Amino acid sequence: MDNKLKCIVVDDEPLARELMRTYISKTPSLEMAGCFESAAEAVKIVMDGKIDVIFLDINMPMLNGIEFAQVVPISTRIVFVTAYDRYAVEGFRVNALDYLLKPVSYSDFMRSVARALDWKKLYLAASAHKVETLQSGRMITVKTEGKLMQMHTDTILYIEVRNDRILLFRNEGEPIASLMTLKEIEELLPADSFMRVHRSFIVNIPKVEMVERNRIIFGKTFIPVSESKREEFLSRLGK
């Protein structure tokens with residue numbers, strides 16, 4: 001297996017492109033496959049499905065980075081490189097691997113590379129075992145305090161709004177507190193598995209094992225099911 005990540009840079013700023021080119025050239029785990037001034041120029045090489053990572057600017061003419069990210073193959077991961085933090089939420093919605101603010105330090109750059117290497121291992125393992133590929137609907141990127149966290153949706157039991165905080169409860173470990181809204185997370189989740197059963201709760205339907213009256217029971221936690229959602233919920237449970 002080739003341990004190197006094949007990557008490209010897409011940025012309309014010459015100095016930003018040159019900085020990324022320099023970082024890539026001195027990183028043994030990366031292989032530069034191209035450097036482009038616009039997303040339109042990069043479309044062909046990306047659609048061939050042989051690029052692992054795109055270091056992608058967002059604010060570009062004609063086809064911006066967010067629009068471009070929505071059409072790249074599943075096997076290609078996006079690292080946004082931009083001068084504007086206001087695009088962060090949009091970046092999360094297209095399931096970006098990471099989000100770097102200009103000017104980018106080499107240490108931050110290497111953090112993104114490490115995440116990309118971890119992703120490639122997961123992706124290749126999934127392909128080798130002929131299980132469902134890690135599509136954006138099965139693996140999501142969640143914005144937490146000071147970092148991004150990737151998690152498989154199958155590990156999530158339910159999501160709760162509590163005191164204006166979003167908490168993701170998983171099979172194991174402490175709940176994850178997210179800086180995103182419930183609606184933003186809901187848009188990332190696969191609709192065939194997750195359902196908002198109450199204005200403050202989203203549940204992973206296949207994980208539901210016990211229902212009592214209008215409540216879902218996860219251990220010692222009781223999750224209410226709104227009257228307006230009850231019929232749909234029971235139908236999806238097959239009851």
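Since we're looking at a predicted model, the values are computed, not measured.
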Inset, instruction - Could you tell me which non-hydrogen atom of Pro73 sits nearest to which non-hydrogen atom of Val46, and how far apart they are? - result: CG-O, 3.4 Å
Inset, instruction - Quick one: closest heavy-atom pair of Met47 and Val71, and the distance? - result: CE-O, 3.0 Å
Inset, instruction - Using a 4.5 Å cut-off on heavy atoms from C-beta on, say whether the side chain of Arg230 contacts that of Val197. - result: no
Inset, instruction - Can you establish whether the number of heavy atoms outside Glu212 located under 6.0 Å from its atom CD is more than 12? - result: yes
Inset, instruction - Could you tell me whether the side chain of Thr82 reaches within less than 4.5 Å of the side chain of Tyr99, counting heavy atoms only? - result: yes
Inset, instruction - Take Val81 and Leu56 through the test side chain to side chain contact (heavy atoms under 4.5 Å, CB included) and record every step on the way to the result. - result: CA-CA 6 Å; Val81 184; Leu56 179 63; over 6 Å; no
Legend entry - Ring centre gap for Phe55 and Phe109 strictly below 6.0 Å: yes
Legend entry - NZ-CZ distance between Lys207 and Phe218, expressed to the nearest 0.5 angstrom: 9.0 Å
Legend entry - Any side-chain heavy-atom pair of Ile54 and Cys7 under 4.5 Å: no
Inset, instruction - List the atom of Ser178, the atom of Ile185, and the distance in Å for their closest heavy-atom pair. - result: OG-CD1, 3.9 Å
Legend entry - Pair Glu18 + Arg21, salt bridge at N-O below 4.0 Å: yes
Inset, instruction - Could you label the plane-to-plane angle of the Phe201 and Tyr158 rings as parallel, tilted or perpendicular, counting under 30° as parallel and over 60° as perpendicular? - result: tilted
Inset, instruction - Considering only NZ, NE, NH1 and NH2 on the basic side and carboxylate oxygens on the acidic side, decide whether Asp57 and Lys102 come within less than 4.0 Å. - result: yes
Legend entry - Arg215, CZ atom: more than 12 neighbouring heavy atoms under 6.0 Å: yes
Legend entry - Short N-O contact, Glu184 and Lys143, less than 4.0 angstrom: no
Legend entry - Reported CG-to-NZ distance for the pair Leu234 and Lys229, which is rounded to 0.5 angstrom: 13.5 Å
Inset, instruction - Flag the pair Val72 / Ile78 as yes when at least one side-chain heavy-atom distance between them is below 4.5 Å, and no otherwise. - result: yes
Inset, instruction - Return the minimal non-hydrogen interatomic distance between Leu101 and Ala83, and the atom names on each side. - result: CD2-C, 4.2 Å
Inset, instruction - Using a strict 4.0 Å threshold on nitrogen-to-oxygen distance, state whether Asp98 and Arg111 make a salt bridge. - result: yes
Inset, instruction - Examine the side chains of Ser107 and Ser105 and answer whether a donor and an acceptor come within less than 3.5 Å of each other. - result: yes
Inset, instruction - Check the pair Glu227, Asn214 against side chain to side chain contact (heavy atoms under 4.5 Å, CB included), reporting the backbone distance first and the verdict last. - result: CA-CA 8 Å; Glu227 191 61 38; Asn214 280 2; 3.3 Å; yes
Inset, instruction - Would you confirm whether Asn64, through its side chain, and Ile66, through its main-chain N or O, come within 3.5 Å as a donor-acceptor pair? - result: yes
Inset, instruction - Return yes if some donor-acceptor pair links the side-chain N/O of Thr76 with the main-chain N/O of Ile51 below 3.5 Å, else return no. - result: yes
Inset, instruction - Could you tell me whether a side-chain N or O of Thr155 sits under 3.5 Å from a main-chain N or O of His152, the two making a donor and an acceptor? - result: yes
Legend entry - Check: Thr27/Tyr106 side-chain N/O donor and acceptor closer than 3.5 Å: yes
Legend entry - side chain to side chain contact (heavy atoms under 4.5 Å, CB included) between Glu31 and Ile24, intermediate numbers included: CA-CA 7 Å; Glu31 176 186 337; Ile24 292 168; over 6 Å; no
Inset, instruction - Quick one: closest heavy-atom pair of Val9 and Met20, and the distance? - result: CG2-CB, 3.6 Å
Legend entry - Carboxylate-amine/guanidinium proximity below 4.0 Å for Asp52 and Lys6: no
Legend entry - Backbone N/O of Glu37 and side chain of Asp12: donor-acceptor pair under 3.5 Å: no
Inset, instruction - Measure the shortest side-chain to side-chain distance between Thr144 and Val142 over non-hydrogen atoms and say whether it is less than 4.5 angstrom. - result: yes
Inset, instruction - Check whether any side-chain heavy atom of Leu157 lies under 4.5 Å from a side-chain heavy atom of Asn204, and answer yes or no. - result: no
Inset, instruction - Would you give the length of the straight line joining atom CD1 of Ile217 to atom CZ of Phe222, rounded to the nearest 0.5 angstrom? - result: 5.0 Å
Inset, instruction - Might you point out which heavy atoms bring Leu182 and Ile166 nearest each other, and give the distance in Å? - result: N-CD1, 3.7 Å
Inset, instruction - Ignoring hydrogens and angles, tell me if any N or O in the side chain of His198 forms a donor-acceptor pair with the backbone of Ser200 under 3.5 Å. - result: yes
Legend entry - Min side-chain heavy-atom separation Val203-Ile216 under 4.5 Å: yes
Inset, instruction - Enter the distance from Leu97:CG to Lys120:NZ here, rounded to the nearest 0.5 Å. - result: 13.5 Å
Inset, instruction - Drop me the distance from Ile159's CD1 to Ile202's CD1, to the nearest 0.5 angstrom. - result: 5.0 Å
Legend entry - Heavy-atom side-chain proximity of Thr181 to Glu186 below 4.5 angstrom: no
Inset, instruction - Measure the spacing between CZ of Phe169 and OG1 of Thr221 and express it to the nearest 0.5 Å. - result: 6.5 Å
Inset, instruction - Flag the pair Arg17 and Glu13 as a salt bridge only when some basic side-chain nitrogen lies within less than 4.0 angstrom of an acidic carboxylate oxygen. - result: no
Legend entry - Trace of the side chain to side chain contact (heavy atoms under 4.5 Å, CB included) decision for Cys35 with Ile8: CA-CA 6 Å; Cys35 205; Ile8 64 171; over 6 Å; no
